[in-house]
Amino acid sequence: MKVMYTLFAVAIMAVMSASYAGSGTAHWTYDGHAGPEHWGRLAKEFGTCEAGTQQSPVNIEQSITADLAQITFDYQSAPIKVVNNGHTIQVNYSGDSKITIGSKAYKLLQFHFHSPSENRIGGKPFDMEVHLVHKNDAGELAVIGVLMQAGMENSVLAPLWQAMPEEVNKERVLTAQINAADLLPERRQFYHFKGSLTTPPCTEGVDWFVMKDATSLSTSQVQKFVGMVGHNARPVQAANHRFILSTAN
């Protein structure tokens, strides 16, 4: 049992690197012959994208109010690296920033963006979504999803958008420090469900926490992102009788 658990943890770490760093054994895109409807057949290791039963993202139509453990955020300002990996703009985070959920602590590794949002509320997509990706010592992943709606300019994004590399696989180091806590809404209520990575190989076993309240960014900030990487949202996936849990309002 211990060996199996260790292998699972190693596999999670490997696929996370492949999916979010833009690497992998097969070329995939968000449209055309290598788009989401074909991911599961592009490579053997992508099979879960088609055969999985707990895939992300989801459309949150109904939820069950539950006594969920609150998320304790312990994010610190840190120097960052901004990467254009060809699928998104990813911000690699250094330092010891973490979240704690119950008895488990997860270190913040990176955050990245999707437009339009991948997760939906009541069928409604938002203009963007940021995913904050965390990993604990056992190799388990927890992703915080923050929905973003066009409105007021987002000052936290300003230096990141200015540093966006135009070339794929280029990295820029930001001298100014960023605190990921500033990406979160003021109210920290959330939906929780079991899901997957939203990019190939779509590995399952990921704990998702989608914030109920959206944050804002300007229309020009949305346009700059889309102009750089294009629309990069995987369509919502079947719930397959999964329970979506919710903190009390």
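Here the structure is a predicted model, which means the values were calculated and not measured. We're numbering straight along the sequence, starting at 1.
Heavy-atom minimum distance, Pro116 versus Ala233: O-CB, 3.3 Å. Looking at every heavy atom in both residues, Asp31 comes nearest to Pro36 through N-CD, 4.2 Å. Taking each heavy atom of Leu174 and Ala163 in turn, the nearest pair found is CD1-CB, 3.3 Å. When all heavy atoms are compared, the tightest approach of Thr203 to Val206 is O-CG2, 3.9 Å. Closest approach of Ala180 to Tyr93, counting heavy atoms only: N-OH, 3.0 Å. Heavy atoms only, all atoms of each residue included: Ser220 and Ser218 are closest at OG-OG, 3.0 Å.
Using a 4.5 Å heavy-atom cutoff, the side chains of Ile178 and Pro159 are in contact. Proximity of Leu108 to Tyr75: side-chain heavy atoms (C-beta onward) are separated by under 4.5 Å at one or more points. Inter-residue side-chain proximity for Val58 and Tyr191 is flagged as unmet; no heavy-atom pair is nearer than 4.5 Å. The shortest side-chain heavy-atom distance between Asn154 and Gln221 falls under the 4.5 Å cut-off. Within the 4.5 Å cutoff, the side chain of Val83 has no heavy atoms near those of the Lys170 side chain. Annotation: side chain of Val173 is not in contact with side chain of Thr175 (no heavy-atom distance under 4.5 Å). Counting heavy atoms from C-beta on, the side chains of Met128 and Val130 never come closer than 4.5 Å. Counting heavy atoms from C-beta outward, Thr247 and Gln70 have side chains that approach closer than 4.5 Å.
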Item to check | Check against side chain to side chain donor-acceptor pair (under 3.5 Å), Gln90 and Asn92 | outcome: CA-CA 6 Å; Gln90 177 173 306; Asn92 295 326; 2.7 Å; yes
Next on the checklist: Test side chain to side chain contact (heavy atoms under 4.5 Å, CB included) on Thr215 and Leu183; report intermediate values, then the result.
Outcome noted: CA-CA 8 Å; Thr215 59; Leu183 294 169; over 6 Å; no
Item to check | Criterion side chain to side chain contact (heavy atoms under 4.5 Å, CB included) on Ser115 and Val222, from CA distance to verdict | outcome: CA-CA 8 Å; Ser115 182; Val222 177; 3.9 Å; yes
Item to check | From CA spacing to verdict: side chain to side chain contact (heavy atoms under 4.5 Å, CB included), Leu141, Asp207 | outcome: CA-CA 6 Å; Leu141 298 181; Asp207 277 301; over 6 Å; no
Checklist entry - Given the rule in the side chain to side chain contact (heavy atoms under 4.5 Å, CB included) test, do Gln189 and Asp213 qualify, once you have shown the distances and angles that lead to the verdict? => result CA-CA 8 Å; Gln189 302 301 316; Asp213 291 351; over 6 Å; no
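Lys212 and Ser246 form a side-chain donor-acceptor contact under 3.5 Å, judged by distance and modelled atom types alone. Ser97 and Gln76 form no side-chain donor-acceptor contact under 3.5 Å, judged by distance and modelled atom types alone. A donor-acceptor contact under 3.5 angstrom links the side chains of Thr198 and Glu118, judged on distance only. Residues Asp127 and Gln149 have side chains that bring a donor and an acceptor to within less than 3.5 angstrom of each other. Side-chain polar atoms of Glu166 and Asn84 form no donor-acceptor pair below 3.5 angstrom.
Under the 4.5 Å side-chain heavy-atom criterion for ILVMFWY residues, no single connected hydrophobic cluster contains both Val168 and Ile89. Put simply, Met164 and Leu160 are part of the same group of oily side chains (I, L, V, M, F, W, Y) that touch within less than 4.5 Å, one to the next. Val143 and Phe209 fall into different hydrophobic clusters, where Ile, Leu, Val, Met, Phe, Trp and Tyr residues are linked whenever their side-chain heavy atoms come under 4.5 Å apart, directly or through other members. Each of Ile71 and Leu109 belongs to its own hydrophobic cluster when Ile, Leu, Val, Met, Phe, Trp and Tyr are linked at side-chain heavy-atom distances under 4.5 angstrom. Hydrophobic cluster membership is shared by Val82 and Phe111, with clusters built from Ile, Leu, Val, Met, Phe, Trp and Tyr side chains linked at under 4.5 angstrom.
In this structure, OG1 in Thr29 is found 5.5 Å from NE2 in His27, a value given to the nearest 0.5 Å. The distance from the CG atom of Asn179 to the OG atom of Ser77 is 4.0 Å, given to the nearest 0.5 Å. Put simply, OG1 on Thr72 and CD1 on Ile99 are 9.5 Å apart, with the number rounded to the nearest 0.5 Å. One distance of note links CG of Leu132 with CE of Met211; it measures 9.0 Å at 0.5 Å rounding. In this structure, OH in Tyr106 is found 5.0 Å from CD1 in Ile101, a value given to the nearest 0.5 Å. The structure places NZ of Lys135 at 14.0 Å from NZ of Lys98, a figure rounded to the nearest 0.5 Å.
Tested against Leu147 for a side-chain contact (heavy atoms from CB on, under 4.5 Å), the candidates Pro125, Ser117, Pro185 yield a single pass: Ser117. Partner of Gln55 under the side chain to side chain donor-acceptor pair (under 3.5 Å) criterion, out of Gln237, Arg234, Glu50: Arg234 alone. Just one residue in the list Leu157, Leu217, Asn232 forms a side-chain contact (heavy atoms from CB on, under 4.5 Å) with Phe225, and that residue is Asn232.
Using a distance-only test at 3.5 Å, with no hydrogens or angles considered, no donor-acceptor pair links the side chain of His241 to the main chain of Ala239. A distance-only check finds no donor-acceptor pair linking the side chain of Gln110 to the backbone of Val133 [under 3.5 Å]. Formation of a donor-acceptor pair under 3.5 Å by the Asn59 side chain with backbone atoms of Gly123 is found in this model. Side chain of Arg188 to backbone of Leu184: no donor-acceptor contact under 3.5 angstrom is found. Using a distance-only test at 3.5 Å, with no hydrogens or angles considered, a donor-acceptor pair links the side chain of His134 to the main chain of Ala142.
Between Phe113 and Trp161, the ring centre distance stays below 6.0 Å.
Geometrically, Lys124 engages Phe126 in a cation-pi contact, judged by NZ or CZ lying under 6.0 Å from the ring centre and within 45° of the ring axis.
Between Tyr30 and Trp39, the two ring planes are perpendicular [angle over 60°; tilted spans 30° to 60°]. The aromatic rings of His38 and His33 sit tilted relative to each other, their planes meeting at an angle between 30° and 60°. Classification of the His131-Trp208 ring pair by plane angle, with boundaries at 30° and 60°, yields perpendicular.
Other residues, nucleotides and ligands place more than 12 heavy atoms under 6.0 Å from the CG atom of Asn240.
Ion pairing between Lys104 and Glu140 holds under the 4.0 Å rule for side-chain N and carboxylate O.
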